[in-house]
A.B. asks: 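Here's a structure for you.
What's counted below: heavy atoms across the whole structure, side chains too, no hydrogens, waters or symmetry copies. Sequential numbering from 1 along the given sequence is applied to the chain's residues.
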Amino acid sequence: SHRAPRLLSRPPQLASCILDIIAIFVEEAREAANIVDLIADLVTLSVAGCMGAQINHEIKTDANGIKEHPVVIGIPVAQGGPTPAAEEMAR
């Protein structure tokens, strides 16, 4: 799923944000906030790198650069006689 990588990078960013707010009021928490901020950035950049590599791989494996997905269009078929709409058109 394309949502999984983004969900992976959110918790560290959230923890970093909360610690940054705590560090405003508690001076002793500033170093920990900086460390968590660096870890959150590493996770986010790793996820971004993986996503970029995946896109690059998809482009290289597709000859035209555009993936074609077959589209199936279904036409409802009435069973057991004409539908009310068909009867209306017959009038």
A.B. asks: Donor-acceptor pair, distance only, cut-off 3.5 Å: does the side chain of Thr44 make one with the backbone of Ala40?
C.D. replies: yes
A.B. asks: Which pair of heavy atoms, one from Pro12 and one from Val43, lies closest together, and at what distance?
C.D. replies: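 What the structure gives for the nearest pair is CG-CG1, 4.1 Å.
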A.B. asks: Please determine whether residues Ile35 and Ile22 belong to a single hydrophobic cluster, defined as Ile, Leu, Val, Met, Phe, Trp and Tyr linked transitively by side-chain heavy-atom distances below 4.5 Å.
C.D. replies: no
A.B. asks: Could you grab the distance from atom CG of Leu19 to atom CD1 of Ile24, nearest 0.5 Å is fine?
C.D. replies: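 With rounding to 0.5 Å, CG (Leu19) is 11.5 Å from CD1 (Ile24).
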A.B. asks: May I ask you to test the Arg30-Asp20 pair for a side-chain heavy-atom distance under 4.5 Å?
C.D. replies: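 No, too far: nothing below the 4.5 Å cut-off.
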A.B. asks: Taking Val26 as the starting point, is it possible to reach Ile18 by hopping between hydrophobic residues whose side chains are less than 4.5 Å apart?
C.D. replies: yes
A.B. asks: Kindly compute the distance separating CG (Asp41) from OG (Ser16), expressed to the nearest 0.5 Å.
C.D. replies: 7.0 Å
